[in-house]
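For this chain, numbers begin at 1 and follow the sequence in order.
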Amino acid sequence: MFNRRGASEHGLTSSLPAPRRVAWWVWSGLGSVALIGLLMWAGDSHPAWDASAWDWASGWVQGLAELVAQVVGGLGRVFDQSGGLSLAQRLGFFGFVLLLLYFYWRATRAWLAYKPGPVDVQQLTDSTPILGKNSPSIEDLTAEFRRQLSESSMYAPTTLPAEAPTTSFLELFGDIEIDPKKLGVVLPRLLSRLRPKLAYRVGGVLRFRDEEPDQYGMTVTVMAFVFGGSRAMTVWGKDWDEVIRKAACCVISSLLPVTRAGRQPPWRQWWGRELKPELYEAYQEANELGRAGHYHQALVRYYEAIRLDPANPYLRAELAEIQEKMGLHIDALDTCQRALALDGQTAHGYNKRLWQSGRKLHWCRLRYFRHPRRYRDVLGLRYRNTIILGISEMTAEQWYERRGTNSEGTHENLIPVLVERYWPVAVDLADIDPLVKNQACLDDEEKARNWLEAALKMPSESESESEDCDTVKEKNLSRIRLAFQKAATRETNRLVADDQWARLAGLYAPDRVWSWIRFFWPFSHVQRVRGPLQPVTRGAFQVNRRMWAPLRLAWASELFDNSHSPVPPYVRTGPLVWNRIQLKELRKQIHKARRRFPLCPLWRRRDWLTLYNSACVYALAMKTEAATDHLKNELARRAVKTLEKAVLVSKGRFASVEQAWLVNEDPDLKSLQTNKLFQGFVQTAYPSPEVSEKSAPSR
């Protein structure tokens, strides 16, 4: 069966409704404005004080004093029996106040359900005949269950049973005596009841069955006091630890689609729908295994999560990152290429936008303004795709040798996708490199498609017979590498252009305003619930566009020229020539990329990713054959100095997970990793614990 939101219930008793908090707060605001208007009308001729005495103040202060005097005067006339208001007017006023209190009551309940507030995790109930000496106690299992829920960072479970909130609006006035002479006692008590204390309650019953291997079980129930919804599910496992973990995943997967945490990636597409507990459990295990460095096990769990949610770009971006760390660059490229159009557009639409002019305004570019969340959904995936294409020396090597988890099928299926998307990179290459014969009568597009398809396939028989294997391999690697590098440069330029248009349209303004409100609001929680504004910063985009992509393109072009001599030099990327790298030009371009404003050179971006990409540019320039020892030492010094700044601002997973990638695995830092300055930086930035041998005590 399917509920009204189109998701199956999977045998659950009922689903938890998504709270409509915005509608109730809008009606509460409109009601408050109307109430102030009524009080101003009632106190127009009877203000609480004479505002003319405020003539010493400015105009807006005096106007505000007059407004407050009318409102207070109108409130006094309502409760004054000789104030001049009729009985019908008083009854109408109290009826309107009662309706406004109902709006506020529903609004606060909806906000608490969406936030969510504290969750009452009751003590588990034992219905098994085996929970005895060899099994943990009920208190231990309950504590472990609460620990599993608290690790989600979505809400704080209460450790003690809490009283259930009122389920009806009329129950608010059950034991409150409305006495106009005791408003100082009645109003605070009534207002405290308007704000609910509890939104959800979680309970569980331990069970046991004789069927092996999953004999231990629990029936967990999530009840929402706000709208009366509930959800129940039974899980089974081999031991109590597995049962507790599965039950916690069931609770969190029930609350994610109806709470604020479900609005954040990677669960944004599941908000208001039934989220499968198996999906949440697979993603959590994959994320934990990836942080711990167990990439092979994490890869299996990511595959399971993507099988349950195949249209989630966040999962595919994290899968591509794991594949890249494992050295499976072709598999990571296949993962990214097949997910670039998961933001609601077709593959043809993505290809069309990719080759448009960066500064030319076109209606296709405005689609991200209509769907700002879709722009962010694939932003990290698109950036990962540019990195995999940009590291062309490794990607081209694996492509030529057909290496990967599913090499033959991956390559054969990926060639049509790459040809359809990146054929413009081969328009001028088809005229210089006679890889495909008899192309004189074809147009430029057909020539480029044929050349790129032939370059991505195995070398031709005629070329293999005429030259030795090393020469053929060198030529084919240079072709594939140059094609990938030009595609990475185009993808980088497209990303920077989209980011500029997004900032001009104000796509990040609401999040920045919310961040400033939380910064100045004294009652805001210390923990940041909302995610970052975007997975990739603007400074990182600019560094890659100005230096990283052109520098790698110059490198690939130089190799292409050398392997196809006596063909004249093919391409030069502005002031960057691979064998004539100048440190002054590198510093100049990096400083321009790190500027927050063009006219303010001293205000620079100092986020981790911008500094890290800048260090990669310095380290990449050390690979030039024409670089002298003095230039290499100076480049190494600049790279290490930038990495030191990056480590100082590293937060979260950058401080632990990226350490192994920075020290051992990043291909941009290969030339730097053997330098003494970098080795000294590693020992000071990531000091290893010293282990001293035990010595005999002295006398």
Side-chain angles (χ1 to χ4, degrees), residues 313 317 336-337 339-390 418 420-425 427 483-509 511-512 532-554 571 573-576 589-599 604-605 607 609-610 613-614 617:
C336 293
Q337 288 292 321
L340 291 176
L342 288 181
D343 58 344
Q345 61 179 330
T346 61
H348 175 72
Y350 179 86
N351 300 341
K352 184 178 179 180
R353 292 187 69 261
L354 179 63
W355 297 101
Q356 289 175 354
S357 177
R359 297 183 178 180
K360 182 179 179 181
L361 181 61
H362 194 273
W363 64 271
C364 293
R365 191 166 297 118
L366 301 178
R367 67 177 305 274
Y368 285 142
F369 301 159
R370 301 191 304 269
H371 308 286
R373 291 182 177 178
R374 292 182 178 179
Y375 167 74
R376 299 184 187 179
D377 287 345
V378 297
L379 190 61
L381 186 69
R382 293 173 61 189
Y383 181 77
R384 181 58 49 191
N385 178 60
T386 61
I387 298 301
I388 297 172
L389 288 172
L418 296 177
E420 182 66 26
R421 182 162 293 161
Y422 299 121
W423 65 264
V425 303
V427 171
F484 283 165
Q485 204 65 61
K486 293 190 67 178
T489 304
R490 186 59 193 177
E491 291 278 8
T492 302
N493 295 335
R494 180 76 274 152
L495 272 174
V496 174
D498 288 344
D499 180 71
Q500 291 176 351
W501 285 108
R503 293 179 183 276
L504 289 176
L507 261 64
Y508 305 119
D511 286 335
R512 293 190 180 277
L533 300 180
Q534 61 178 15
V536 188
T537 60
R538 186 182 182 185
F541 281 143
Q542 293 293 338
V543 170
N544 285 6
R545 182 183 70 87
R546 289 179 177 271
M547 297 302 300
W548 184 79
L551 195 60
R552 281 191 162 274
L553 181 57
V571 67
T573 54
L576 295 179
Q589 295 297 329
I590 289 177
H591 289 171
K592 286 183 178 180
R594 289 180 54 191
R595 288 181 184 177
R596 288 186 176 271
F597 300 101
L599 300 179
R604 301 173 184 173
R605 296 180 177 89
D607 58 275
L609 195 55
T610 300
N613 289 1
S614 302
V617 171

- prompt: Once you round to the nearest 0.5 Å, how far does CZ of Phe541 lie from CG of Asn493?
  reply: 12.0 Å

Interatomic distance, Leu389 atom CG to Arg490 atom CZ [nearest 0.5 angstrom]: 14.0 Å

message: Which residue in the set Asp499, Asn613, Thr610 passes side-chain hydrogen bond (donor to acceptor under 3.5 Å, both in side chains) when paired with Thr537?
response: Thr610

Close side-chain approach of Trp355 to Val425, heavy-atom, < 4.5 Å: yes

message: What's the separation between atom CD1 in Ile387 and atom CG in Asn544, rounded to the nearest 0.5 Å?
response: 5.0 Å

- prompt: Within the distance-only criterion (no hydrogens, no angle test), does the side chain of Arg421 pair as donor or acceptor with the backbone N or O of Gln337 below 3.5 angstrom?
  reply: yes

query: So, for Ala317 and Gly380, which heavy atoms are closest and what is the spacing to 0.1 Å?
result: CB-C, 4.5 Å

- prompt: Can you find a heavy atom in the side chain of Leu342 that is under 4.5 Å from one in the side chain of Asp377?
  reply: no

query: Just how far is it from atom CZ of Arg546 to atom CG of Leu551, taken to the nearest 0.5 Å?
result: 15.0 Å

Whether Asn385 side chain and Leu381 backbone form a donor-acceptor pair below 3.5 Å: no

Shortest non-hydrogen contact from Val378 toward Ala339: CG1-O, 4.4 Å

- prompt: Hey, are the side chains of Leu340 and Glu491 touching, using non-hydrogen atoms and a 4.5 Å cut-off?
  reply: yes

statement: Between Cys336 and Arg384, the two heavy atoms sitting closest are SG-CG, 3.9 Å

Approximate separation, where rounding is to 0.5 Å, of Gln589 CD and Gln542 CD: 11.0 Å

query: Which distance, rounded to the nearest 0.5 Å, do you find between the CZ of Phe484 and the CG of Leu553?
result: 14.5 Å

message: Main chain of Arg605, side chain of Arg594: is a donor-acceptor contact present, judged purely on distance under 3.5 Å?
response: yes

task: Please confirm whether the backbone N or O of Gln356 pairs with a side-chain atom of Arg494, one donor and one acceptor, at under 3.5 Å?
output: yes

